[in-house]
Every structure is written in C-alpha cells, then in structure tokens.
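Atoms within each ligand, like the ligands themselves, are counted from 1 in listed order.
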Amino acid sequence: MVWQRNVIIKTSEEIEIMRQAGHINALVHETVRNLIQPGITTAELDAVAEQVIRDHGGAPTFKGYPGPYPFPATLTISINEALVHGIPGKKRLQSGDLVSIDCGTTYKGFVADSAISVGVGEIPKKARRLLEVTEKALQIGISKMQAGNRVGDISAAIQEYVESHGYSVPREYTGHGVGRQMHEAPQVPNFGSAGRGLVLRPGITLAIEPMLLAGAYKTRVLPDQWTVVSADGSLTAHFEHTVAVTENGPQILTILDESYRLNSKRLV
Ligand code: MG
Ligand code: MG
C-alpha cells in the first residue's frame, strides 16, 4: 500500500523533542487525574489541561483539529459508553463513572499523543477489570514494537489479549504514526494478523492506543458529530502512549521525565 512508503523516520534529535512534548502531555494527565472527582465539570478539566500545556511552551494539538467541525477543546473526555472524542462541557463527573482522557501536545513542531482512563470515586468491579485489561493491552502492544517486527504483530497481540478477556476492539478507530503531524502513516489497528504490515525499524514513532468495549465492537457517533460511543451502550476504556522504536527496544515518550520536571527551563 502506498501509505506504507510514506512512513517518516525520526532522528534521535527529533525523538528527543517528542520526548519533551510527551513530558508535557504526561504532566497534563497527572494534573487532570488529580482533579478528577465527583462534581467537577469536564470543561474545568479541559481549561486546566490547556493551561499546563501553554505554561510549558506547548500548544494543544486537538484544539481546532479538522473534523466535521474543528475540535473545540484541548482534551477529549469520554465517559462510560463514550469510547473516544468526547467534547468537554458542562457535564459533571459522578461517582462510578469511567472517564477516558485523551490529550495531544505540540512542542517545537512535534506532537505527543497519549490517553488514560480513570474511575471517578468508587467504580464497580467490572469497570476496574476493564481498566486493568485495557492498560495491560497497551503494555502488550508496546512490547511488540521491536525492530524487525511488523505492525501486524502489535495489532494481533492486542486483539488476542483483549478478546481472550471477552472484550472487543473497534474497527473504525486505530493507533497511528505520530510526529510533525498527529496522524501519520502507518495506521496501527487494534486488530489484525501477526507477520503482516510494515516492518518496524529504529526511528519509527507510533501512538499505540487500545480502545476497548465491554460489549460488541460496533460504535456510533453522537449528534455532536464527534463523540464515539459503543453501539450497544456497553462500558469502554482507552489507554495510549506515543512510543519510539529504537535499537534497544521500544521507548515510551509520553511519560514524566524527572530531569525535565526539575529543570523546567529546558521546556520553554
Ligand atoms: Mg490520543
Ligand atoms: Mg492517537
């Protein structure tokens, strides 16, 4: 396929910038996670997220992102049956909700993209189990990001693990290459066949993002034209990291880096 020839290999200097973007993105997630509690609105979380990004010299990648209409916020916040692309607003979080927060930061021309899912207050056991399996699916996908492996090895490993727990993955929404653009080649589906697809090599940077539905894999889009929900109303969860393939295995770029935190001047 043509798009497989358009994969953009990053230099180590470019990956270092993406690591800085990823640090800012991780700071957003840490900050927002600490604010999540019953009663807070999703718009309040969004405002804090934008401030964290701008305080560190970044720009919110999602804001204005092209779609049915430009995405209006810094975060996508997707609650319970909402899988991805929920729009922050006046809605207040309630105890028992399962909320997925996705964020992108553009810093010095490069993008970091990552997502977490969090329970609000006390959540049911079935929600905790879905969270655990989704986060583990992300780790399993990342572990397949070895030079010489193929994209299909990532996809198949995620699908096999998820389906072995009785959950499903959407067909319409996938992981992706990431770099100067949030969405670059290749697509990284959460389903597929091992041994197929692009061969991974050092300098490839991917957003790995298992999205899980507790029920069937079908989704639909709400009338706001952005929010994707499970078609059967089942609970969903989403975790994501931006990860580089290196000679020494996969390196997660969207984690807190204490050396940046201690010397924040490196980031502005
Ligand atoms: Mg994302
Ligand atoms: Mg993504």
Quiz prompt | Any donor-acceptor N or O pair under 3.5 Å, side chains Ser114, Asn25 | solution =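 Yes.
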Practice problem: Please name all residues satisfying ring pair (Phe, Tyr, Trp, His ring centres under 6.0 Å) with Tyr217, sequence neighbours left out, ordered by chain then number. | Solution: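 Ring pair (Phe, Tyr, Trp, His ring centres under 6.0 Å) check on Tyr217 returns nothing, list empty.
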Self-check item: Metal environment of the Mg ion (ligand 1), protein N/O/S under 2.8 Å
Solution: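 Per the 2.8 Å query on the Mg ion (ligand 1), atoms found are Asp102 OD1, Asp102 OD2, Asp113 OD1, Glu240 OE1.
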Quiz prompt | Evaluation steps, side-chain contact (heavy atoms from CB on, under 4.5 Å), between Leu27 and His23 | solution = CA-CA 6 Å; Leu27 272 179; His23 171 73; 3.8 Å; yes
Practice problem: Go through the steps to decide whether Asp232 and Ser234 satisfy the test side-chain hydrogen bond (donor to acceptor under 3.5 Å, both in side chains), and finish with yes or no. | Solution: CA-CA 6 Å; Asp232 59 9; Ser234 67; 2.9 Å; yes
Quiz item: If you draw a 6.0 Å radius around CZ in Arg196, do more than 12 non-hydrogen atoms from other residues or ligands fall strictly inside?
Solution: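 Atom CZ in Arg196 is not crowded, with 12 or fewer foreign heavy atoms closer than 6.0 Å.
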Practice problem: State whether His176 contributes an N/O/S atom found under 2.8 Å from the Mg ion (ligand 2). | Solution: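 Yes, His176 qualifies, because one of its backbone or side-chain N, O or S atoms lies under 2.8 Å.
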Quiz prompt | Verdict with reasoning, Ile87 to Phe71, per side-chain contact (heavy atoms from CB on, under 4.5 Å) | solution = CA-CA 8 Å; Ile87 301 173; Phe71 193 77; 3.7 Å; yes
